[in-house]
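Some notes on the structure that comes next.
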Protein chains: 4
Amino acid sequence: MKTEQILNAAAELFSRKGYHNTKMKDIADMAEVGKGTLYEYYRSKDELFKELVKVGARRYQQLTEQQLNKEGITLWDKLQAILEHQVDYVWDNKSFAFLLLGRESYIITESELYQFLYQTGEEIFKAMETVFQEAVDSRKIAPGNATVYAKIFYGIATEVVSSMVLWGNNKPSREEIKEIIYTLRFGLERKEL
Amino acid sequence: MKTEQILNAAAELFSRKGYHNTKMKDIADMAEVGKGTLYEYYRSKDELFKELVKVGARRYQQLTEQQLNKEGITLWDKLQAILEHQVDYVWDNKSFAFLLLGRESYIITESELYQFLYQTGEEIFKAMETVFQEAVDSRKIAPGNATVYAKIFYGIATEVVSSMVLWGNNKPSREEIKEIIYTLRFGLERKEL
Amino acid sequence: MKTEQILNAAAELFSRKGYHNTKMKDIADMAEVGKGTLYEYYRSKDELFKELVKVGARRYQQLTEQQLNKEGITLWDKLQAILEHQVDYVWDNKSFAFLLLGRESYIITESELYQFLYQTGEEIFKAMETVFQEAVDSRKIAPGNATVYAKIFYGIATEVVSSMVLWGNNKPSREEIKEIIYTLRFGLERKEL
Amino acid sequence: MKTEQILNAAAELFSRKGYHNTKMKDIADMAEVGKGTLYEYYRSKDELFKELVKVGARRYQQLTEQQLNKEGITLWDKLQAILEHQVDYVWDNKSFAFLLLGRESYIITESELYQFLYQTGEEIFKAMETVFQEAVDSRKIAPGNATVYAKIFYGIATEVVSSMVLWGNNKPSREEIKEIIYTLRFGLERKEL
DNA sequence: GATGAATGAGAATTCATTCAT
DNA sequence: GATGAATGAATTCTCATTCAT
């Protein structure tokens, strides 16, 4: 209950103003608890922040891997689903998501967090790579470097959510996502639409 | 001279440790000037930081638009050139680049900077959009939404440089970039290599 | 019952860690009661501490004056008895004793306590002075300043117990105490042993 | 200069109000410097306090051992000189002296300081013991336990200075000190004055 | 009566900025 | 111009005390 209020307030403020510009007093006020109460639940500002990032990262990762592991659906539907779910998740958890996109320099300094986020990103990337590798191996897509394919897709996915979170862009429509996948599938120089 | 030393030290430190973890004393020490001297050249820490970001953003923008405006070269060579130049620029100016990728939450808070970076990004994006629109209009590439095309390319470009700066990835080889463009051109489902 | 537990825990902790380093939570934990319960019995941390010191000081004073008022025993046996009893008392009540030796700076600040301990000490001292004065008057010991005699004895007595409490020295043996009295009686330059 | 002001203010306040009741703001105000200035000279409140105690203890020890090592002077003059010098030193440095008498519970908690003061006391005690042992060996005083003799003298010396510092007693006169030594020399039961 | 979750006043410490030299 | 000692506003965190259960 109280934990919930605190985490939500903290996520909101940290993502909007960054680690150093968010004061414990602000969090307490927004969570409608006393300053001291924060320390009943989290040993320090650091710990609160780390908790937040870790919880968020884990959820995000689960979500993505869930989509990647779906069986019996074409690669294109899978990619479509990943983008859609990421967009939905990020849209609904803007403040959490912000923390995960590495926009907070505090993360860089705290090697524990840095490692954590690095690994999370790496794992997601590896999972994507595997999917592409399998598609190459089973000749579902053109032969080529699965890592490059993964990097392209990862880049697009990141850009799509970043632009929402960072620059306040609109949530891309299902249609738009479909176009992205379509383009990725047949290339810019495709002849037929 | 002094300005040079100060800006370089500041860029290095801000990008490595973030705005709030970089102390004026640190900058003075690394620039090998007195703490007071910083204030001879910049009214405040804020101003120094802003200066840095603006200088960097302007250079980056120029570089990109230069590539986009080149005449008499195919779209593919143009895109290839953009990626290559961005990679080179970022590689050589890691510390500046970092500041531009919006990894510093301080930027979010300072609406002047936020506006500035938003517009810079927007301008680059618009320029790209125009290029793609022209290519669509002149039937050099498949008909479709030029905005989507631009977003894809922008996402890939950002990811490529981000991963270098943020996660310390290697500089992608010319070969790798070629592959990216190639994939983008013919799509993942292309039949012939 | 509860009062007992609380006072014992408090004495133990205050004497070991001092007023400010002892937290109400610590006392509650050691006394195996809830934090709120402390406030059922004592209005505040201050009051608890004062109570403790007062109880201890009164006991100590009683003990000493009892010995001083014993009739029909030689001065030397009386002094011997005082030292022995003080040593025993302090040994058995190390934590209480500590508080009485004025080792806690909090006492200095709280003028009520300061006054109290000052008076207690003064009373003990006066009682000793009287004993020595009577001994001088009745020519049992050499003529001289009874105040000086009292100060010497008081100093020795204090040092003996302080060293136990403060520096963890061993409890001095009955033999050792006898030697002290003996030396005080015949002086360092005595001829015969 | 500034260091001087700070140390004096700190000694005064720590000794009057104890470690925890002395606030850095108080010290800064009394020293007539800014709060931040304290931290230019001492890393923390702890360090400032420790510095103070160590400086004081070293001075006190030197003074005492100087007296103990004087050659060509009778034992009695030596003891007289020790007491006189201690009284003078403490009178002139009441605030420093207070810290050394172990009246501050903070010291107990900080094992580094505790060790330090314990050793300083021990060294002084050992030096006294040696003096008495030599006097016994050379038959200048009665055969007996030099440790007991030292303990008696140490106790008296401590009491004399403690009473000045702790209870605000007057500075004992030269005459009074002489009486103390005299009593110690010939004992309470001496026949001739 | 007993409890401990919640609270906020109060303290140590940091660091951008100033200004006398 | 250059410097760095001095400053105090601002921030994190602690813990005695309260009060609803």
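Numbered from 1 within each chain, the chains take letters A, B, ... in sequence-line order. What you see is a predicted model; the values in this text were computed from it and never measured.
Atom CG in A/D46 sits roughly 12 Å away from atom C1' in F/dC13 (whole-Å rounding). The CG-C1' distance, from A/D29 to E/dG8, rounds to 11 Å in whole Å. Taking atom CD1 on A/I27 and atom P on F/dC13, their separation rounds to 10 Å, with Å as the unit. Atom NZ in C/K35 sits roughly 8 Å away from atom C1' in E/dA5 (whole-Å rounding). Taking atom CZ of A/R43 as the reference point, atom P of F/dC15 lies 14 Å away to the nearest angstrom. Taking atom CD on A/E47 and atom P on F/dT12, their separation rounds to 16 Å, with Å as the unit. Distance, A/L38 CG to F/dT14 P: 12 Å, rounded to whole Å. As rounded to whole Å, 15 Å separates atom P of F/dG4 from atom CG of B/D26.
Residue-environment remark: CD (B/E47) exceeds the threshold of 12 foreign heavy atoms within 6.0 Å.
Nearest-nucleotide assignment on DNA chain E puts the 5′-proximal partner with D/K25, out of D/K25 and B/E40. Taking for each of D/H20 and B/M24 the nucleotide of DNA chain E with the nearest heavy atom, the 5'-most of the two is the partner of D/H20. Two residues, C/K23 and A/T22, neighbour DNA chain F, and the one matched to the more 5' nucleotide by heavy-atom proximity is A/T22.
For the pair A/K17 and A/D26, the salt-bridge criterion is met [side-chain N within less than 4.0 Å of a carboxylate O]. The pair A/R43-A/E51 does not meet the salt-bridge criterion, since no charged nitrogen lies less than 4.0 angstrom from a carboxylate oxygen.
No engagement by A/Y42 is indicated, since no non-hydrogen atom pair under 4.0 Å with the nucleic acid exists. Using a 4.0 Å heavy-atom distance criterion, A/K45 is classed as a sugar-phosphate-only contact. Here C/G36 lies in heavy-atom contact (under 4.0 Å) with a base. Here A/K2 lies in heavy-atom contact (under 4.0 Å) with sugar-phosphate atoms only.
Taking side-chain N and O atoms only, C/Y41 has a distance below 4.0 Å to OP1 or OP2 of E/dA2.
Counting only N and O atoms by type, the side chains of B/N21 and A/Y19 include no donor and acceptor under 3.5 Å apart.
In a base pair of the Watson-Crick type (N1 to N3 plus N6-O4 or O6-N4) or a G-U wobble (N1-O2 and O6-N3), with each distance short of 3.5 Å, E/dT21 is matched with F/dA2.
Relative to the ring axis of A/Y42, A/K50 does not place its NZ or CZ within 45° and under 6.0 Å from the centre.
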